[in-house]
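Structure first, then comments.
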Amino acid sequence: MKRYYITTPIYYVNSAPHIGTALTTIVADACARFQKRRGREVYFLTGTDENAPKVHRVAQERGVPTQLFVDEMAEVFERTWSALHIEYDVFIRTTEARHKHVVSEVFRRLREQDDIYRGSYQGWYCISCETFFASNKIDESRTCPDCGKPLEWRDEPCYYFRLSAYESRLREHIKANPQFIQPEVRRNETLGFINEGLQDVAVSRTGSDWGVPVPDDPESGVVYVWFDALLNYLTATGWRERGEGYLDTWPPDLQLMGKDILPRFHATLWPAMLMALGLPLPERLYGHGWWIVNKQKMSKSLGNVYAPLEVAQSLANAAGCELDYAVDAFRYYMLREMPTDADAEFSLEGFEARYNGDLANDLGNLLHRTLSMMHRYFGGRVPDGARLDAGLADLFAQQAAQTTEAFEAVDFPHGLREAWQIIGAVNRYYDEQAPWTLMKQGNAARAGQVLYAGLIAARLLSALVEPVMPKVAREIARQLNLAAVPSWNEAIAVNAFPVGHTLQEPKPIFPRLQVKQPAPSTPTPHAGEEGRAVSAPSPTSHTHQGVSNMQDTITIDDFKRLQIRIATVKAAEPVPKSTKLLKLTLDVGGEERTIVAGIAEDYAPEQVVGKQIPVLVNLQPALIRGIVSEGMMLAADVDGKAVLLHPDREIPSGSGVR
RNA sequence: GGCGGCGUAGCUCAGUUGGUCAGAGCAACCGGUUCAUACCCGGUAGGUCGGCGGUUCGAGUCCGCCCGCCGCUACCA
């Protein structure tokens, strides 16, 4: 029987995993675990894309041999995934010999059958984006329209893949197979892209020898990194060396990725390559949305990139919960809030709310109160005559079925909502039946029956939740004293606990996070405020807000969130095309920072160099006039004029202010 | 400009093929309960389902136009 083959993209190794790559990988892992639980044999592939010229360049900039660099980065990815409880079957690296052989062979084959032909290319190329731009798309600055970096002029012979030849077949396939591209937005987008006419794609690049050399023609450089990268999915099945054996895995059942690489790569170039090879196409391509942070895209230059492990670790620290469960909580949050069609907001507050609400109060507390009563009333043993009320049995079965359906559709937010209804139902059931009252009335038999529902629910939930929170599932099973988390099919059994079955002592899995003291009056956002917020964060800007609320008080904890340090101004220069802005280079105690300050009307650059000033250093970075401002200087505001503040005497840069 | 999508309670969002669809969760307020991790349960939301028309016996749910936001794409005469 064919294995369920699921893939993530291979990730660029020039930056560490963030919550975006974590999302794709966690979704893939949850899908893989879900399929396994349902009894399918699964083959789950992830890996790293190491042949990109950009990777080579980054390594060179850091003065590290490229192979060493990619080795280290690949390890960072593997370690991160392992820490996030990702259970992949293969971790592929495109620098592996077996992959390079596949790339060469595919290239050769397609060239022989004239799907790849020789031509030449002239145009502007962005190394960072690995993309060519037509002359009419760029302006005189000759910078990349996407990333703003300088473009290089390329004029060289090169090989083309005959993508245009597959235009109508691609369109027909997409139209005939609605499940092929999901969600629907991406499908429409892809069809739109195809309908504008597909151009042949340049599949060789000169200028860098890092990558797979064009076979039999090394003069032509290396194979285009996307052509190379997409083939990893084929390599991993053993297509080249296993004869027909690879068909136990091929084609992929589910290929997951971010929405950005779906329409033009995975949904056009990739299937066209497969058509050219005469191979079956993937069953389903799924492109999820992106995380946005404070209404902005995550980007390194904005500095709003979260590292998944740090997020989990900080929760573990704050809540006093085991790291494994904090990691699972992070997985839960990723999947519960997973962006599908549109992008979705990622926030620590949202994460904490899910943790306290869904995990501590709902899931954790239900297990805990059930086991507590079982121990208090029945010595931790399942009493005689306990069985599940029929109404609840039906509801459990129904919710499990809904969860299954949603997980199958990669709709985790929906599936988890369905599963959580079981918790609500049991809590209500407890409330109505009040086993504590039954005990006082001496009706232990009935009380045992009521609590039995909680045991069955907890057992069922351990199974339903396993794809999302594997360690938590195991811990639930352990507290229930089960040998293992039940399989998906077993989980719905309603007579799972024999009479006399002993239960472990309850232990909170998710210690509740202490809620911060709420501010006396919660400021509500006013219309129009956002428009002003984008103005340069000059030290005087808040005076324009006018009605600042004097009676608003904050807690000491609020204040402690502000990190203010004394910085020494190392350099200052006016920001071009602005009248109020100075770009300051600061020494913040061994660390150099750039900030943009709105003081140019009051101070000349040379007046501030060497000065020591207080700076809010944990302000969210902002892009101002093309400069990333990593903090905000503090100054007095005298009728709209900035007046610098200095320490009483010279002190070390980086000294804290409180 | 073209194509696609979105705009539903303070917040985050569900709402298959038009007829208990005006909902859930969170936040807030009130009440109940006490087995439990200050937890759980119940109640309270005067939401013109972005606006205006239309189709229909009946429309968040279909059609047209408009406004606002987003994505892709094109930057022409």
Side-chain angles (χ1 to χ4, degrees), chain A residues 134 136-139 145-146 181 183-197 258-260 262-264 267 287 289-290 292 295-297 319-321 325 333 336-347 349-378 402 405-406 409 411 413-418 420-421 423-440 447 450-451 454 458 506-515 518-519 521-527 530:
Chain A
N136 60 8
K137 288 204 66 168
I138 59 169
D139 58 22
D146 291 345
I181 302 173
E184 206 173 332
V185 203
R186 307 277 92 85
R187 182 166 177 263
N188 293 338
E189 228 170 81
T190 306
L191 281 171
F193 177 65
I194 292 173
N195 285 338
E196 281 166 29
K259 63 178 183 178
D260 52 322
L262 199 154
R264 47 177 70 206
W290 285 359
I292 51 177
K295 317 264 179 215
Q296 289 176 303
K297 243 178 231 178
C321 107
Y325 306 145
Y333 177 72
R336 181 63 181 71
E337 308 275 349
M338 167 189 167
T340 52
D341 292 23
D343 297 341
E345 183 79 26
F346 173 92
S347 76
E349 292 74 19
F351 178 36
E352 290 169 2
R354 285 286 171 212
Y355 176 81
N356 261 357
D358 296 358
L359 299 180
N361 294 349
D362 289 345
L363 181 60
N365 184 244
L366 177 64
L367 176 68
H368 194 257
R369 72 192 298 205
T370 300
L371 290 180
S372 295
M373 284 189 273
M374 287 302 299
H375 277 275
R376 177 185 294 227
Y377 303 150
F378 301 104
Q402 306 262 25
E405 195 179 321
D411 189 349
H414 185 199
L416 289 168
R417 271 199 301 274
E418 295 295 343
W420 249 246
Q421 289 195 28
I423 299 170
V426 175
N427 275 331
R428 273 189 297 279
Y429 181 67
Y430 280 177
D431 213 60
E432 289 158 9
Q433 302 294 327
W436 46 91
T437 306
L438 290 170
M439 287 307 291
K440 284 174 193 156
V450 171
L451 293 176
K507 182 181 169 215
I509 302 173
F510 307 107
R512 201 161 197 286
L513 199 58
Q514 283 317 302
V515 249
S521 71
T522 331
T524 48
H526 300 286
E530 261 180 54

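All values reported here derive from a predicted model rather than from experimental measurement. What's counted below: heavy atoms across the whole structure, side chains too, no hydrogens, waters or symmetry copies. Proteins get letters first, then strands, A, B, ... in listed order; numbering begins at 1 in each.
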Classify the nucleic acid contact of L371(A) as base, sugar-phosphate or nothing, counting any heavy atom under 4.0 Å across all strands shown. nothing
Rounded to the Å, how far apart are D411(A) CG and C13(B) C1'? 12 Å
In whole Å, what separates the P atom of C29(B) from that of G46(B)? 16 Å
Starting at atom CG of L513(A), determine the distance to atom P of A38(B), rounded to an integer number of angstrom. 13 Å
Would you indicate what G357(A) reaches in the nucleic acid, counting non-hydrogen atoms under 4.0 angstrom: base, sugar-phosphate, or nothing? nothing
Can you check nucleotides 1-7 of chain B for protein contacts, nitrogen or oxygen pairs under 3.5 Å, and list what you find?
none

Counting any heavy atom closer than 4.0 Å, what does P435(A) reach on the DNA or RNA strands: base, sugar-phosphate only, or nothing? nothing
Grab the CZ-C1' distance between R186(A) and G71(B) for me, whole Å please. 7 Å
Could you grab the distance from atom CD of E352(A) to atom CG of L359(A), nearest 0.5 Å is fine? 12.5 Å
From C-beta outward on K259(A), which listed nucleotide comes closest to its side chain: G25(B), C40(B), G71(B)? G71(B)
I'd like the P distance from G1(B) over to G43(B), given in whole Å. 49 Å
For K507(A) and for D358(A), find the nucleotide of RNA chain B with the closest heavy atom, then tell me which residue's nucleotide is more 5'. D358(A)
Enter the distance from I423(A):CD1 to N365(A):CG here, rounded to the nearest 0.5 Å. 10.0 Å
So what does A360(A) touch, heavy atoms closer than 4.0 Å: a base, only the sugar-phosphate, or nothing? base
Partners of A458(A) by side chain to side chain contact (heavy atoms under 4.5 Å, CB included), sequence neighbours excluded? L367(A), I476(A), L480(A)
On a whole-Å scale, what distance lies between the P atoms belonging to C57(B) and A14(B)? 33 Å
Nearest 0.5 Å, what's the CE-OG1 distance between M374(A) and T370(A)? 9.0 Å
Grab the two heavy atoms, one from A319(A) and one from Y355(A), that are nearest each other, plus how far apart they are. CB-OH, 3.7 Å
May I ask you to evaluate whether R336(A) reaches the phosphate of G25(B), defined as a side-chain N or O under 4.0 Å from OP1 or OP2? no
Applying salt bridge (Lys or Arg N to Asp or Glu O under 4.0 Å), which residue pairs with at least one partner in residues 357-376 of chain A are found, sequence neighbours left out? R354(A)-D358(A)
In Å and rounded to the nearest 0.5 Å, what is the CE to CE distance from M439(A) to M373(A)? 11.0 Å
Can you measure I194(A) atom CD1 to U73(B) atom P for me and round it to whole angstrom units? 14 Å
If the P atom of G54(B) is compared with that of U12(B), how far apart are they to the nearest Å? 33 Å
Verify the contact: side-chain N or O of R512(A) to OP1 or OP2 of C39(B), cut-off strictly under 4.0 Å; return yes or no. yes
Can you tell me the distance, in whole Å, between the CG atom of L363(A) and the C1' atom of C39(B)? 14 Å
Are F346(A) and Y333(A), when compared by the centres of their aromatic rings, separated by less than 6.0 Å? yes
Kindly give the heavy-atom pair with the smallest separation between N361(A) and R512(A), and that separation in Å. OD1-NE, 2.8 Å
Identify whether the glycosidic angle of G60(B) places it syn (within 90° of 0) or anti. syn
Nearest heavy-atom contact between W436(A) and Y430(A) is CH2-O, 3.4 Å
Pairwise C1' distance, U55(B) and C65(B) [rounded to whole Å]: 15 Å
Exam field: side chain Y429(A) to backbone L451(A), donor-acceptor pair closer than 3.5 Å: no
Interatomic distance, F351(A) atom CZ to L513(A) atom CG [nearest 0.5 angstrom]: 9.5 Å
Close N/O contacts between protein and nucleotides 32-36 of chain B (under 3.5 Å):
unit_1, atom_1, unit_2, atom_2, d
C35(B), O4', Y377(A), OH, 3.4
C35(B), O3', R376(A), NH2, 3.4
C35(B), O2, R369(A), NE, 3.1
C35(B), N3, R369(A), NE, 3.3
C35(B), N3, R369(A), NH2, 2.4
C35(B), N4, R369(A), NH2, 2.9
A36(B), OP1, R376(A), NH2, 2.9
A36(B), O3', H368(A), ND1, 2.9
A36(B), O2', N365(A), ND2, 2.6
A36(B), O2', H368(A), ND1, 3.1
A36(B), N1, R369(A), NH2, 3.3
A36(B), N3, N365(A), OD1, 3.3
A36(B), N3, R369(A), NE, 3.2

Separation between the P atoms of C11(B) and G19(B), rounded to whole Å: 28 Å
With respect to the side chain of R264(A), which nucleotide from A14(B), G42(B), C72(B) is positioned closest? C72(B)
Secondary-structure stems, RNA chain B, at least 3 Watson-Crick or G-U base pairs under 3.5 Å: B:1-7 with B:67-73, B:10-13 with B:23-26, B:28-32 with B:40-44, B:50-54 with B:62-66
In whole angstrom, give me the gap between the C1' atoms of G5(B) and G50(B). 15 Å
With H414(A), which residues qualify under side chain to side chain contact (heavy atoms under 4.5 Å, CB included), at least two apart? A406(A), D411(A), R417(A), E418(A)
Rounded to whole angstrom, note down the C1' distance from G18(B) over to U56(B). 9 Å
I423(A) has an atom CD1; how far is it from atom C1' of U37(B), in whole Å? 14 Å
To the nearest 0.5 Å, how far apart are CG in L366(A) and NE2 in H368(A)? 11.5 Å
Send over the distance from R417(A) CZ to G15(B) C1', rounded to a whole Å. 10 Å
For atom CD of Q402(A) and atom P of A14(B), their distance in whole Å: 17 Å
